[in-house]
Amino acid sequence: MAEIIQAIFITPPIVIARLGGSTTPQEAFKWVDTPNPRGEGETTIAPDWSLTVQADGSVEPFMPEALRFRDGALIRPVCPFLELRALMGEPGSAPATWREELLTPTLLSAHGATLNDLVFQIDARNLKAARRTANPAVGFGTFPPLQVRASDNTQTPILAVSPPTGTAADRMIPPGRNIPLGSFQVMRSRQQPASGSVDWAEAVRVDVIRCRFTPARGLVYGPPQTAQPVTLDEGTFVPVSANRAFLNPNAGWAGFPIGRAIDAPPDTYDGAENRPARLSLGVVDDTCEARIEVNLRLPGPPNRTLTAAANVFVGPPDYAPDRRPFLSLADELNDRAADVAARTNNMSAEDRDTWVEDLFERIYETTSLLNLDRQRNNRAITLTGDQLRPAAIPNDRTTEPTKAMGGRDRLREPLFPQPAPGPNIRLPLTEHAQMRHRALSDLDALRGFVAQHPGRLATLVRKPFESAQGESPEGIGITNMQMPPFMRNSNAGPLTLAAWQYDLLMAWVRSIENPPPPPPFLPLADAEPAPKPMSEAAAARRAEVLARIAAEDQQ
């Protein structure tokens, strides 16, 4: 029986786009091991096959000779491509038997469909202000969602407006105005070249149906008063250019007090740092979250419509492409979707060693970006009771010794007193943390540390979602020095490893701290089999050799 298109899906299902003011998108790259022997254990990046969009909407693959992340002062945006796949199988067959195939115009045609039967829907929203105020009117996005047929290969702008609720006078974005959130484009499929005819023929498919999401430029918008100088804790500045200061000041976002915010973190908007008022300036940015849905109508009988979806998260361009975080989106998904106990118990000792070493390499790479001195200054708790040492660590010059990571912190290692900041050591805690984590990214050094200090790592590493004595119950990120110190998660609580990461790490620690006992001692007779008796020829030969040696000794 002939196969039919049983289902479709978009890959990857989750993508990250990044804002940028340049009109040239960022080329593709991949993580590789560094070729520098002095940088062993650190990640580096290398160019990968990239796509240039031609005037007709088709793509031309190329391999960059070098990677550039900005054009002058303008950062290149990260503009992800998404591709469509089909699952093929006989009618009535079990999903486990379906096979994956690229969704191409040729495949559509073979099943009676055209590009006009394939429709994308893009629903992009920025709901930051709406979440903080519990007021949907100050959110903005595509109302209604944008629709693009796969036969349309033009670049379509994504223009955000206020929700069509209430009166026009209540809307944050006035009628006739919009905030651009980027653009969407379906690429024109072209015939795949023959194998070996071009150098990318085996690496990139150009006949697949793919689309591209291009994020916005990284601009901010506000009400008219934000085009005037504003004085906050950090100085006086003009928040918004005059041509983007058109938002309605009476919509409910401008002047909103931090004390009324209903979600965490409540302090991540312009004006929150301006004590004691801490009122929102009414500024918004052009980041967004977008859901891309695709519907494929297949002719009958019976008529069928297949659907698929992917999610785009647009973030700022402030990232380090050659530094991997110790807690990633993949780690969070694994924590929710995989069998943690089975993974922890079934992983071989060798694989567990590899995983732990990789985790501590990622921890070092994160630490290399962190100004620990500043983080401590802003987010360290004041210690009390049994959190304090009876006396400070000798010769330790860390400021404010009773604050977390100070000289009286019971969690501190007394073998490493810290100097005071000076001309030669401007960030003593930062430099020390980078030195220690660089050393511990080597598995042998880490294994030695764990073996020599039983219980130390379990004490230092914060359990998932754990808070400690004296840490802020309202979750504003004021913490002790448990690892990772003074960093906060998306809800402003202490940042931690995912539960599965923590369990796997502690299982490895226990295997080092409590190694299996050595095999029992066996007597030699039991431990080694008795030698076989010598043959007559071998015995005669041995006697002959021994006799010759004796004769030579007598001479």
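A donor atom on one side chain and an acceptor atom on the other are found under 3.5 Å apart for Asn126 and Asp285. Counting only N and O atoms by type, the side chains of Thr43 and Arg324 include a donor and acceptor under 3.5 Å apart. In summary, the side chains of Gln482 and Asn480 do present a donor paired with an acceptor at a separation below 3.5 Å, with no hydrogens or angles considered. A donor-acceptor pair shorter than 3.5 Å cannot be found between the side chains of Thr354 and Asp351.
Side-chain atoms of Arg362 come within 3.5 Å of backbone N or O of Pro325 as a donor-acceptor pair. Using modelled atom types, no side-chain atom of Asn135 and backbone atom of Ala130 make a donor-acceptor pair closer than 3.5 Å. Within the 3.5 Å criterion, the main-chain N or O of Val59 finds a donor-acceptor partner in the side chain of Arg190. Listed for the Ser189 side chain is a donor-acceptor partner under 3.5 Å among the backbone atoms of Asp207. Looking only at distances, no side-chain donor or acceptor of Thr496 sits under 3.5 Å from a matching main-chain atom of Arg462. A donor-acceptor contact shorter than 3.5 Å is absent between the side chain of Arg376 and the backbone of Pro485. Side chain of Glu27 to backbone of Pro64: no donor-acceptor contact under 3.5 angstrom is found. Between the Thr226 side chain and the Ala245 main chain, no donor and acceptor come within less than 3.5 Å of each other. With hydrogens and angles ignored, the 3.5 Å screen pairs no side-chain donor or acceptor of Trp200 with any backbone N or O of Phe62. Of the possible polar contacts, one joining the Thr430 side chain to the Asp373 backbone as a donor-acceptor pair under 3.5 Å is found.
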Verify side-chain contact (heavy atoms from CB on, under 4.5 Å) between Phe140 and Arg171, making sure each step is shown before the conclusion. CA-CA 9 Å; Phe140 53 96; Arg171 296 174 189 170; over 6 Å; no

Let's go through Met187 and Leu51 carefully: what are the C-alpha distance in whole Å and the side-chain angles of both, what is the deciding distance for side-chain contact (heavy atoms from CB on, under 4.5 Å) to 0.1 Å, and is it a yes or a no? CA-CA 11 Å; Met187 302 296 105; Leu51 301 176; over 6 Å; no

Please assess Val119 against Arg149 for the test side-chain contact (heavy atoms from CB on, under 4.5 Å), listing each intermediate value before the final yes or no. CA-CA 4 Å; Val119 181; Arg149 292 189 180 275; 3.3 Å; yes

For Phe143 and Thr165: C-alpha separation, side-chain torsions, deciding distance, then whether side-chain contact (heavy atoms from CB on, under 4.5 Å) applies. CA-CA 11 Å; Phe143 298 102; Thr165 57; over 6 Å; no

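Between Arg488 and Leu495, the closest side-chain pair of non-hydrogen atoms is not below 4.5 Å. Between Leu115 and Ile209 there is a side-chain heavy-atom pair separated by less than 4.5 Å. Within the 4.5 Å cutoff, side-chain heavy atoms of Trp508 are placed close to those of Asp353. Residues Ser58 and Val206 have side chains not in contact (no heavy-atom distance under 4.5 Å, counting atoms from C-beta outward). Contact annotation: the side chain of Ile16 never approaches that of Val78 to less than 4.5 Å [non-hydrogen atoms, C-beta and beyond]. The closest side-chain heavy-atom distance from Ile10 to Leu84 is below 4.5 Å. Within the 4.5 Å cutoff, side-chain heavy atoms of Met63 are placed close to those of Pro47. Put simply, the side chain of Leu497 does not reach to within 4.5 Å of the side chain of Met483, judged on heavy atoms.
Residues Leu457 and Met506 share a closest heavy-atom pair of O-CE, 4.4 Å. Contact between Tyr502 and Pro464 at its shortest, heavy atoms only, is CG-CD, 3.7 Å. In terms of heavy atoms, Leu372 sits closest to Leu429 at CD2-O, 3.7 Å. Across Ala28 and Trp49, no two heavy atoms sit closer than the pair CB-O, 3.5 Å. Residues Ile478 and Asn378 share a closest heavy-atom pair of CD1-O, 3.6 Å. When every heavy atom of Met487 is checked against every heavy atom of Leu370, the shortest pair comes out as SD-CD2, 4.3 Å.
The aromatic rings of Trp500 and Trp355 are tilted relative to each other, their planes meeting at an angle between 30° and 60°. Between Tyr319 and Phe69, the ring planes are perpendicular. Angles over 60° get that label, and only those under 30° would be called parallel.
A cation-pi arrangement is present between Arg438 and Tyr364 under the rule of less than 6.0 angstrom and at most 45 degrees off the ring axis.
Open room surrounds CG on Asp318; 12 or fewer heavy atoms of other groups in view lie less than 6.0 Å from it.
Thr11 OG1 to Leu102 CG: the interatomic distance, rounded to the nearest 0.5 Å, is 10.5 Å.
Salt bridge status for Glu83 with Arg85: present, with a side-chain N to carboxylate O gap under 4.0 Å. Between Arg76 and Asp71 there is a salt bridge, with a side-chain nitrogen of the basic residue lying less than 4.0 Å from a carboxylate oxygen of the acidic one.
When Thr156, Ile292, Leu82 are each tested for a side chain to side chain contact (heavy atoms under 4.5 Å, CB included) with Phe120, only one passes: Ile292.
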